[in-house]
Amino acid sequence: RGWLFSELLCVYICWGPPCPPTQPCHLVFRPSLPQPASVMASPLQAAIAVSPRVKAISELLAKSGEPEWRLKQVLQGMYKSYRGSWRDLDGVPKSLKWKLKDHFGRYISSLKRKTKVEGDFAEKVLLESHRDASRVEAVSLQFRTHRSLCISSQIGCAFGCAFCATGKVGLKRQMDADEITDQVLYFFQMGQKIDSVSFMGMGEPLANPKIFDALSILTSPDLYGMSTRRMNVSTVGVVPGILKLTEEFPQANLAFSLHSPFTEQRNRLVPLNKMYPLEQVFEVLDHRIKKTGRQIWVAYLLLRGQNDSLEHARAVADLIRQRPAETRYLYHINLLPYNVGRAVPEQYRRAEEEAVSIFQRVLEENRISCSYRNSFGHSIDAACGQLFAGYEERMPIVGAARPASSGLAQRSSFGGAKSTGGSRSARVNEAGPQQPAASASSSSSSSSPGASAASSSSAASDGGPAQASAAAATAVESTLGEASATAAEASVAADAAKAPPNLQQSSSPGVAAAAAAPAR
């Protein structure tokens, strides 16, 4: 009936013959042609393709002569009933439980909890890999209306943003898809009801190719079964990753870390800007908005005396107003308070309240959608830019100069007394669970509705500016295969030849340039 109805509509409205069956009707009345069964993979087959653990379980069951439905039964116990060990699986024969235990170990998860600390409406856990004892941190944030997770995608980070504690650790290694999603599994096993997941913890999500497999696992109906619209991905501007995310997960939320509208200053705050400049990133963001119709969250960290001036506010407003009319209204600026990070230079401080108010007022006067976020978990090192998983700061290369102000007191939230809570900030989050949440932040006062392999890992861990930039470039290239090698080499050469920057005047009038630490 549907086919006949669409053909009659074509004849009646177009006054012509029906559209060819092999082509979609230009009036969008004709339903899309069903794909052959051989082309369409079932959700279970897709889960086997993206999860190494599910694939190994499937192979083990087939080798043991188990019926086909047994795999769904095992996955039901893992991802729906949230069992912690193989022996707790319901309805599974005891002999099979022993086989699973002998093959995968006692516990289902690839991560085990080492420590937990609570405070300021946040719960931070230090997780250790069963494989090589690598450590990573994840945070559960309790908002007024929902609970959101902030999970990590890499162990460490190669991009070395000047104000971030994770960047001081360096990139240890990539996490696989099961390790990424097992952070979510841990909180489910603890009995928490999770409404949304943000990839805003340790590491650059779009520099790890397994992030797309992790998204597939979290949204697979046979596994976690979460909505793609409850997935929030943050990036400092990895252009090939944004393009791939647009193609494969158009409904996922995307947050872009801006932090400065001026090229020279952003080069120091976010070294990847040398490889993917703002103009290129915003072109890709415009493309994503046009294709998906989804809002883009632009994160802007306010640093006292660095990027909180009136000129910065006007430049940010101009940057958004220059976007095409059909995409401009879907940009939302999230103003973030700075959280003191371990081993981050003392020159970076939180902006004063008056500067924040002026900055936000300028955006509002220019009809830019914006809001200010207050930190959750700041007192336990669980807020934006504070995660370091107990790792020590990587040492610079021999002979490399080091700013005298970079020796911040080494403080760890693990080992201290457990905090049962904190005073709620004056600004309280009112957003729904679909709104992206940074590591430990809540959105409020809104003005409008709305892979690197082991070689690059060791290079990032052992050396200074050149090694860090090389590792970052290698991570992007190995992740997506579309990064520019020429730009990467130029960035490495520039970093190797450049001494740590001193305070200097930006080329933009009146902009105090950030005296950032070298991109170690």
Side-chain angles (χ1 to χ4, degrees), residues 157 159-168 200 234 236-237 255-274 278 297-317 319 333-363 370-375 377-378 381 383-388 403-409 425 427 438-441 443 445 500-520:
C157 184
F159 291 105
C161 295
F163 45 80
C164 181
T166 309
K168 307 307 177 186
M200 299 182 182
S234 175
V236 293
F256 167 60
S257 298
L258 176 60
H259 306 321
S260 177
F262 302 118
T263 299
E264 291 184 7
Q265 187 179 38
R266 192 169 190 271
N267 286 345
R268 292 190 291 273
L269 294 176
V270 185
L272 189 68
N273 191 65
K274 303 170 187 175
L278 282 178
W297 307 81
V298 180
Y300 192 93
L301 184 67
L302 289 167
L303 302 169
R304 184 186 305 181
Q306 304 279 349
N307 64 353
D308 60 346
S309 68
L310 183 61
E311 184 174 5
H312 281 83
R314 290 170 177 167
V316 171
L319 186 63
I333 307 295
N334 261 340
L335 303 177
L336 311 178
Y338 171 67
N339 305 297
V340 178
R342 179 178 181 270
V344 176
E346 293 177 349
Q347 69 194 48
Y348 298 114
R349 295 177 296 169
R350 180 174 293 198
E352 296 178 349
E353 289 293 328
E354 182 179 359
V356 174
S357 299
I358 294 175
F359 203 105
Q360 187 170 0
R361 185 166 63 249
V362 170
L363 296 179
C370 64
S371 61
Y372 179 80
R373 283 201 232 167
N374 272 323
S375 296
H378 178 267
D381 284 348
C384 295
Q386 290 186 312
L387 303 182
F388 62 93
S405 61
S406 62
L408 191 65
S425 176
R427 296 183 176 93
S439 295
S441 306
S443 179
S445 60
N502 296 322
L503 282 173
Q504 51 184 317
Q505 187 69 22
S506 171
S507 59
S508 299
V511 180
R520 291 185 295 273

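The structure presented is a predicted model; accordingly, all values stated were derived computationally and were not measured.
Here CG of N267 is found 4.5 Å from CG of N273. Values are rounded to the nearest 0.5 Å. Here the CZ atom belonging to R304 is positioned 4.5 Å from the CD atom belonging to E352, to the nearest 0.5 angstrom. Taken to the nearest 0.5 Å, the NZ atom of K274 stands 12.5 Å off from the OG1 atom of T263.
Every residue two or more places apart in sequence or in another chain that forms a side-chain contact (heavy atoms from CB on, under 4.5 Å) with S234 is listed here: M200, A255, S257. Residues that satisfy the side chain to side chain donor-acceptor pair (under 3.5 Å) test with D308, not counting sequence neighbours, are absent from this structure. Legend: residues meeting side-chain contact (heavy atoms from CB on, under 4.5 Å) with R314, ordered by chain and number and at least two apart, are L310, V362. By the side-chain contact (heavy atoms from CB on, under 4.5 Å) test, L363 pairs with V316, A317, I333, L335, F359, I368, C370, sequence neighbours left out. Under the side-chain contact (heavy atoms from CB on, under 4.5 Å) criterion, C161 pairs with F163, C164, V236, V270, sequence neighbours left out.
The two atoms that bring L272 and F159 nearest to each other are CD1-CE2, 3.4 Å, heavy atoms only. Pairing each heavy atom of P337 with each of Y372, the nearest pair is CB-OH, 3.3 Å. Shown here for P261 and L278, the closest heavy-atom pair between the two residues is O-CD1, 3.8 Å. Shortest non-hydrogen contact noted between V344 and Y348 is CG1-CD1, 3.8 Å. Here the closest non-hydrogen pair linking Q360 and S371 is NE2-CA, 4.2 Å.
Put simply, the side chain of Y300 gets close to the backbone of N307: a donor and an acceptor are under 3.5 Å apart.
A 4.5 Å side-chain heavy-atom check between L303 and L269 finds at least one atom pair inside the cut-off.
A side-chain donor from one of R350 and N339 sits under 3.5 Å from a side-chain acceptor of the other.
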>> Could you walk me through whether L319 and V298 satisfy the side chain to side chain contact (heavy atoms under 4.5 Å, CB included) test, starting with their C-alpha distance in whole Å, then the side-chain angles of each, then the deciding distance to 0.1 Å, before giving a yes or no?
In response: CA-CA 11 Å; L319 186 63; V298 180; over 6 Å; no
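Results of the side-chain hydrogen bond (donor to acceptor under 3.5 Å, both in side chains) test with S309 over H312, Q306, E311 single out H312 as the only residue that passes.
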